[in-house]
Amino acid sequence: MRKSVYITRTVPEIALQHLKDNGIEYTVWTERRHQSEEELIPILKDYDAIIVSGPLKVNRAFLEACSHLRIVSMMSVGYDNVDVAAAKELGIAVGNTPGVLSGATADTAFLLLLAASRKAFHMHKEIIRGNWNFWDPTANLGLELKGKTLGIVGLGRIGFELAQRCIGAYGMKLIYHNRGTNEEAERELGAVRVSFDELLQQSDVVSVHTALTPETKELFNKEAFSKMKPNAIFVNTARGGIHNEADLIAALENGTIWGAGLDVTNPEPMAADNPLLNMHNVAVLPHIGSATIDTRNAMAAIAAKNVIRTFEGKALEHAVVENIHRL
Ligand SMILES: NC(=O)c1ccc[n+]([C@@H]2O[C@H](COP(=O)([O-])OP(=O)(O)OC[C@H]3O[C@@H](n4cnc5c(N)ncnc54)[C@H](O)[C@@H]3O)[C@@H](O)[C@H]2O)c1
Ligand SMILES: O=C(O)[C@H](O)CO
């Protein structure tokens, strides 16, 4: 049986090597733009599988048009752009790449937290413009993190690694809000589970690490920001849809909260004139949470192995929708 996979963006070589070693034909879309669903659907008629990197809407309509696919292999841990119920109904496996990217993404959250707390990105821009305002005792002042309270909404793999960094570096106290109890974090990091409102009220840093779901969509809105401390920093490395961007801008402009660090925005990319890009206490990155050489290699390898295992009729390395019905 012919086995072929379409890969929506250039991926690390290790993925291609795994596919070659297993006799799987592949095509890589090498242009530096994401193809639309409309462009992809006719192309995919000639393929048995797809490796997805990017914001492709793998919704019911897309899956129904491509119901011959054996697997949608996500090169990401997040799968909020996939209609999982439709994939299950149609018998299409869905794989993802959890765990291997937790450290790199936690590093990005930590970087954004530090950058926002010390206005680092703003001052970097000022230097480029030739504005060196140094040794001014009352200018460029930031916030310190030592002994402060870190509140994590969605304390899973990435949140745990961020907490380790904040506790190790600054002895921060950890509170969290989750659907369930994270016993490991309570035991190893002294985490205390609180309600969402208690977390907003008590935290000096609020970092969100849930998936984007109907429950978390715009969870951080005007009401949520209004409950936070005026010197609090909001960090989002999860998904831009979890915050309402207009409400975030207003909260920062009004001094409702102190600063923000964002690896994800709503929408992506954000407009070049977005006020967040010119705020002193805000650090923005273009969704690079997992973008290290090691991590992207590891993600690419899992994405390829999930395809290979599907063609072999084996359980996926990491499954959102298992291909078990094919065994
Ligand atoms: N910026 C990036 O490049 C990047 C990289 C990796 C992951 N992400 C995002 O980070 C998310 C988290 O990844 P992870 O591997 O840590 O996931 P995870 O599943 O290990 O952790 C998520 C946690 O959120 C909790 N949760 C889910 N819904 C909740 C709700 N409504 N209220 C409170 N808690 C809730 C879960 O119980 C879980 O503990 C991903 O879904 C993805 O969207 C972004
Ligand atoms: O979910 C993930 O893995 C990252 O956001 C990359 O899309």
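This chain uses plain numbering: 1 for the first residue, then up along the sequence. Because the structure is a prediction, the values reported are computed rather than measured. Both ligands and their constituent atoms are indexed starting at 1 by order of listing.
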*Enumerate the atoms of ligand 1 whose separation from the nearest heavy atom of L155 is less than 4.0 angstrom.*
39 (O)
*asked:* Does the residue M75 have a heavy-atom contact with ligand 2, meaning some pair of atoms that are separated by less than 4.0 Å?
replied: no
*Establish, from distance only, whether the side-chain atoms of N182 and E186 form a donor-acceptor pair under 3.5 Å.*
no
*Does R157 come within less than 4.0 Å of E161, counting only side-chain N to carboxylate O?*
no
*Hey, is ligand 1 close enough to T213 that some N/O pair sits below 3.5 Å?*
no
*Heavy-atom contacts with V77 under 4.0 Å: which atoms of ligand 1 show up? List them by number with element.*
6 (C), 7 (C), 15 (O), 40 (C)
*Could you tell me how the ring of Y6 sits relative to the ring of Y47: parallel (under 30°), tilted (30 to 60°) or perpendicular (over 60°)?*
perpendicular
*Tell me, which protein residue and heavy-atom name are nearest atom 31 (N) of ligand 1, and how many Å apart are they?*
T216 CG2, 3.4 Å
*Closest heavy-atom contact between S290 and A104?*
CA-CB, 4.1 Å
*If the plane angle is over 60° it's perpendicular, under 30° parallel, otherwise tilted; pick one for F220 and F225.*
tilted
_Other residues, nucleotides and ligands only: do more than 12 of their heavy atoms fall within 6.0 Å of CG on L141?_
yes
*Counting heavy atoms only, which of G156, A109, G289 comes nearest to atom 21 (O) of ligand 1?*
G156
*Give the ring-plane orientation class for H177 versus F196, where under 30° counts as parallel, over 60° as perpendicular and anything between as tilted.*
tilted
*Could you pull out the closest heavy-atom pair between C66 and L44, with the gap in Å?*
SG-CD1, 3.8 Å
*Who's closest to atom 43 (O) of ligand 1 heavy-atom-wise, of H209, E161, R239?*
R239
*List the steps and the verdict of side-chain contact (heavy atoms from CB on, under 4.5 Å) for L252 and N281.*
CA-CA 9 Å; L252 289 159; N281 311 336; 5.5 Å; no
_I need the nearest protein heavy-atom contact for atom 24 (O) of ligand 1: residue, atom name and distance, please._
G154 CA, 3.2 Å
*Is ligand 2 less than 4.0 angstrom away from at least one heavy atom of H287?*
yes
*Location of contacts on N178 toward ligand 1, heavy atoms closer than 4.0 Å*: both
*Would you say D80 has any N or O atom under 3.5 Å from an N or O of ligand 1, going by distance alone?*
no
*List the closest protein heavy-atom neighbour of atom 9 (C) of ligand 1: residue, atom name, distance to the nearest 0.1 Å.*
A238 O, 3.5 Å
*Give the numbers and elements of all ligand 1 atoms closer than 4.0 Å to a heavy atom of D263.*
1 (N), 2 (C), 3 (O)
*For the residue pair Y170 and F110, categorise the inter-ring angle as parallel (less than 30°), tilted (30 to 60°) or perpendicular (more than 60°).*
tilted
*asked:* Please determine whether a side-chain nitrogen of the Lys or Arg among R33 and E31 lies less than 4.0 Å from a carboxylate oxygen of the Asp or Glu.
replied: yes
_Top protein contact for atom 36 (C) of ligand 1, by heavy-atom distance_ = R179 NH2, 3.6 Å
*asked:* Quick test: of every protein heavy atom, which one is nearest to atom 5 (C) of ligand 1, and how far off is it to 0.1 Å?
replied: T105 OG1, 3.3 Å
*Subset of ligand 2 atoms that lie under 4.0 Å from at least one heavy atom of G78*: 1 (O), 2 (C), 3 (O)
*Counting both backbone and side chain atoms, is some N or O of V264 under 3.5 Å from an N or O of ligand 1?*
no
*Pull out every atom of ligand 1 sitting under 4.0 Å from any heavy atom of S290, numbered as shown with elements.*
3 (O)
*Which residue and non-hydrogen atom of the protein lie closest to atom 16 (O) of ligand 1, and at what distance in Å?*
I158 N, 2.9 Å
_Minimum heavy-atom distance D80-L212, with the two atoms named_ = CB-O, 3.4 Å
*Atom CZ of R309: over 12 foreign heavy atoms under 6.0 Å*: yes
*asked:* Check this for me - ligand 1, R157, N or O atoms closer than 3.5 angstrom, yes or no?
replied: yes
*Does the pair R239/E268 count as a salt bridge with the N-to-O cut at 4.0 Å?*
no
*asked:* Under a 4.0 angstrom heavy-atom cut-off, which atoms of ligand 2 come close to S76?
replied: 1 (O), 2 (C), 3 (O), 6 (C), 7 (O)
*For ligand 2, does V264 get within less than 4.0 Å through its side chain, its backbone, both, or neither, judged by non-hydrogen atoms?*
neither
*Check each atom of ligand 2 against the heavy atoms of L101 and keep those under 4.0 Å away; list them by number with element.*
3 (O)
*Treat each ILVMFWY residue as a node, draw an edge where side-chain heavy atoms are under 4.5 Å apart, and state whether I14 and I302 are in one component.*
no
*For atom 3 (O) of ligand 2, what is the nearest protein heavy atom, given as residue, atom name and distance?*
V77 N, 2.7 Å
*Among all protein heavy atoms, pick the one closest to atom 35 (C) of ligand 1 and tell me residue, atom and distance.*
T210 CG2, 3.5 Å
_Could you tell me, atom by atom, which parts of ligand 1 come under 4.0 Å of a heavy atom of H287?_
1 (N), 2 (C), 3 (O)
*Specify the protein heavy atom at minimum distance from atom 44 (C) of ligand 1: its residue, its atom name, and the distance to 0.1 Å.*
T237 O, 3.0 Å
